Amino acid sequence: MANGTTDERSGEAPDKPAELLDLRDSIDNIDAALIHLLAERFKCTQRVGVLKAEHRLPPADPAREAVQIRRLRALAESAKLDPDFAEKFLNFLVAEVIHHHKAIAGA
């Protein structure tokens with residue numbers, strides 16, 4: 001403890017179990033990795049948006065989205081993650097990507 005009242009890693013009261021603090025450290029690391037992965041994903045989807053605009057393709061591709069939903073639901077099931085949650089997450093990402101693609105097409 002840095003000052004005797006908080007944990008250096010979390011800034012939380014020291015009465016928390018060490019395992020809890022360790023798990024929270026791991027969660028923080030995973031969150032950081034997710035943010036970096038999302039940033040990379042959006043770099044790719046921005047380029048897709050540019051290509052779609054150049055080739056006058058629509059911002060949305062419902063056929064691809066349906067394939068992706070099926071694929072990610074299956075991945076979620078094999079990873080023991082709620083497939084409904086995975087689908088909601090993908091739908092959120094796709095909606096944001098389509099928003100970006102519309103903006104690119106309108107520019």
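Every value quoted in this text rests on a predicted model; they were computed, and no experiment measured them.
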Which other residues end up in the same hydrophobic cluster as [X], if Ile, Leu, Val, Met, Phe, Trp and Tyr are linked when side-chain heavy atoms come under 4.5 Å apart?
X     : result
Val50 : Ile104
Leu23 : none
Phe85 : Leu81

Sequence neighbours left out, what passes side-chain contact (heavy atoms from CB on, under 4.5 Å) with Ile35? Give chain and number order.
none
Under the side-chain contact (heavy atoms from CB on, under 4.5 Å) test, residues paired with Lys102 that sit two or more places apart:
Pro59, Ile98
Sequence neighbours excluded - salt bridge (charged side-chain N to carboxylate O under 4.0 Å, His left out) pairs with any residue from residues 43-70:
Glu40-Lys43
Separation between CG of Leu34 and CG of Asn29, rounded to the nearest 0.5 Å
11.0 Å
So how far is it from Lys88 NZ to Asp82 CG, rounded to the nearest 0.5 Å?
7.0 Å
Might you work through the side-chain contact (heavy atoms from CB on, under 4.5 Å) test for Ile69 and Val94, ending with a clear yes or no?
CA-CA 10 Å; Ile69 287 170; Val94 168; over 6 Å; no
Partner residues of [X] under the side chain to side chain donor-acceptor pair (under 3.5 Å) criterion, sequence neighbours left out:
X     : answer
Glu96 : His100
His99 : none
Arg71 : Gln68

If a pair satisfies ring pair (Phe, Tyr, Trp, His ring centres under 6.0 Å) and one of its residues is in residues 43-76, list it, with sequence neighbours excluded.
none
Just so I know, are the side chains of Phe42 and Leu93 near enough to count as touching, which here means a heavy-atom distance under 4.5 Å?
yes
For Val48 and His101, run side-chain contact (heavy atoms from CB on, under 4.5 Å): C-alpha distance rounded to whole Å, both residues' side-chain angles, the deciding distance at 0.1 Å, then the answer.
CA-CA 8 Å; Val48 167; His101 289 185; 3.7 Å; yes
Please list, chain by chain and in numerical order, all residues satisfying salt bridge (charged side-chain N to carboxylate O under 4.0 Å, His left out) with Asp84, sequence neighbours excluded.
Arg73
